[in-house]
Q: 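Have a look at the structure that comes next, please.
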Amino acid sequence: MAFINENYLKLSPHYLFPEIARRVQAYRVKNHDAKIISLGLGDVTQPLVSSVVEAMKGAVEGMADEEGFHGYGPHRGYDFLADAIIEKDYNGRGVDLSREEIFISDGAKCDVTNIQEIFGSDNIVAVTDPWFPLYVDSNVMAGRTGGRRENGHYEGIVYLPCRPENHFIPRLPQKKVDMIYLCFPNNPTGAVASKEDLKTWVDYAKENRSIIIFDAAYVAYIQDPDIPHSIYEIEGAKGVAIEIRSYSKTAGFTGLRCGFSVVPKQLKAYQKDGKHVQVNPIWYRRHTTKFNGASYISQVGASAIYTDVGNKQTRAVIQFYLNNAAFIRQELTRLGYTVYGGIHAPYIWMKTPGGLSSWQFFDLLLERANVVGTPGVGFGPSGEGYFRLSTFATRENVEEAMIRLASM
Ligand code: PLP
């Protein structure tokens with residue numbers, strides 16, 4: 001008899017986005033002519049920039065002859081991309097890394113969900129609330145939690161509320177935790193953490209021998225050089241943190257797939273007898289067994305964004321989304337809404353009006369304005385009463401959506 005992994009049965013059957021799709025579809029069936037504008041999904045809408053496309057065309061053509069053909073690549077990724085990452089993403093911010101500390105992957109989702117696998121199953125996990133669903137679900141699947149409560153929390157996980165009162169920056173937990181998921185700039189709140197905020201967490205992790213999994217998928221949206229771009233800008237972070245990045249929102253790679261994780265050589269975890277082990281070779285061992293490398297063509301495409309032209313082009317696309325964000329912020333504020341985020345992130349986190357619940361506001365917006373957003377409660381109970389608007393849309397749609405909101 002083949003037994004199932006019963007941890008999967010603890011998962012919520014309704015993942016947020018399918019439920020949104022279901023409600024939109026139900027509305028469409030009754031309202032065929034409705035011109036629905038989606039500011040709901042976190043998927044980019046602008047095409048790839050030409051330097052990425054040209055680089056990939058060259059790589060594809062190269063694959064057609066013996067010299068340019070690439071079969072299985074290095075498990076950690078190609079040196080040409082790792083070197084560009086080290087120089088352009090890290091050295092410029094005062095962070096030194098070696099090639100062996102970079103693990104190029106097919107995107108942040110796999111890294112964020114797989115990384116927990118190399119840590120003990122008894123570890124206590126802490127996540128912010130609201131949270132990006134992958135952090136919790138991957139730990140539920142791995143058996144680090146008990147059952148799901150009515151409010152969407154799982155037994156055994158420590159939730160760190162992020163609300164306006166704490167500027168959406170989690171306070172340290174009362175209870176000792178072992179694995180901490182932090183995401184800045186944050187999805188969904190759009191909040192960013194200062195050096196002091198991150199230092200508090202790095203110090204906590206050092207003191208408690210915990211590990212921070214730092215999701216920096218939106219780092220490219222940070223506008224202020226004083227805001228840390230990497231957790232390794234904080235002294236001592238290399239001993240306690242893994243950083244995960246993605247080209248999805250940086251350069252429109254959601255369909256192409258490429259990202260990377262940094263696992264510093266100094267990073268330690270512990271055996272039951274208290275002896276420490278280096279995490280880097282363990283992640284490498286896992287990587288070589290379960291992953292055969294990111295596509296050569298994607299890696300060539302990703303390396304193109306580090307050229308001067310590629311950088312300029314990708315920055316222009318990010319600015320396009322940030323201009324959308326600024327416009328939405330301005331219009332919603334003018335209409336009397338309370339808004340957060342959208343300055344160093346592509347997401348606006350707005351308070352629902354008149355005490356409406358997140359789903360009530362979702363339905364109202366869909367029916368009265370034919371605009372789709374994401375109910376905040378879908379990211380956790382602390383997101384109740386909030387609503388996420390994504391700025392990944394055409395300018396025309398963003399402007400039209402705001403006109404419709406104004407006349408609701
Ligand atoms: N981390 C965060 C915070 C995200 O919002 C996303 C995607 O929306 C990911 C990770 C996954 O990104 P990728 O496309 O690289 O898998």
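Remember, it's 1-based here, ligands and their atoms both numbered in the order they're listed. Any value given below was found using the heavy atoms of this structure, including those in side chains, with hydrogens, waters and symmetry copies removed.
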Q: Give a yes/no verdict on whether any heavy atom in Asp215 is under 4.0 Å from an atom of ligand 1.
A: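 Yes.
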Q: For the residue pair His70 and Tyr78, categorise the inter-ring angle as parallel (less than 30°), tilted (30 to 60°) or perpendicular (more than 60°).
A: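 Plane angle over 60°, so perpendicular.
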Q: Apply side-chain hydrogen bond (donor to acceptor under 3.5 Å, both in side chains) to the pair Tyr321 and Tyr221, showing each step before the final yes or no.
A: CA-CA 9 Å; Tyr321 295 129; Tyr221 291 79; over 6 Å; no
Q: Does ligand 1 come near enough to Ala108 that some N or O of the ligand is less than 3.5 Å from an N or O of the residue?
A: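 Right, the criterion is met.
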Q: Determine the interplanar angle of the Tyr232 and Tyr90 rings, folded into 0 to 90°, and report it as parallel if under 30°, tilted if 30 to 60°, perpendicular if over 60°.
A: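 Ring orientation of Tyr232 relative to Tyr90: tilted.
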Q: Quick check against the 3.5 Å criterion: does Ser246 have a side-chain atom that pairs as donor or acceptor with the backbone of Gly259?
A: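 A pair under 3.5 Å: no.
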Q: May I ask you to list the atoms of ligand 1 that are less than 4.0 angstrom from any heavy atom of Cys183?
A: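 Once the distances to Cys183 are compared, the set is 3 (C).
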Q: Would you say ligand 1 has an N or O under 3.5 Å from any N or O of Thr254?
A: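 In fact, backbone or side chain, Thr254 has no N or O that close.
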Q: Could you list which atoms of ligand 1 come closer than 4.0 Å to a heavy atom of Gly107?
A: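 Close to Gly107: 15 (O), 16 (O).
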Q: Give the atom numbers and elements of ligand 1 that come within less than 4.0 Å of a heavy atom of Arg257.
A: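 This gives 13 (P), 14 (O), 15 (O), 16 (O) as the contact atoms.
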Q: Between Trp359 and Arg23, is there a cation-pi geometry (under 6.0 Å to ring centre, at most 45° from the normal)?
A: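 Satisfied, under 6.0 Å and within 45°.
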Q: Taking both backbone and side-chain atoms of Tyr347, is any N or O found less than 3.5 Å from an N or O belonging to ligand 1?
A: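 No, since none of the N or O atoms of Tyr347 sits under 3.5 Å from an N or O of ligand 1.
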Q: Who's closest to atom 9 (C) of ligand 1 heavy-atom-wise, of Phe132, Phe253, Phe260?
A: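 Considering heavy atoms of Phe132, Phe253, Phe260, the nearest to atom 9 (C) of ligand 1 sits in Phe132.
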Q: With only distance considered, is Lys249 within less than 3.5 Å of ligand 1 through an N or O on each side?
A: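 There is such a contact, yes.
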Q: Can you list the ligand 1 atoms lying under 4.0 Å from a non-hydrogen atom of Ala217?
A: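 Close to Ala217: 1 (N), 2 (C).
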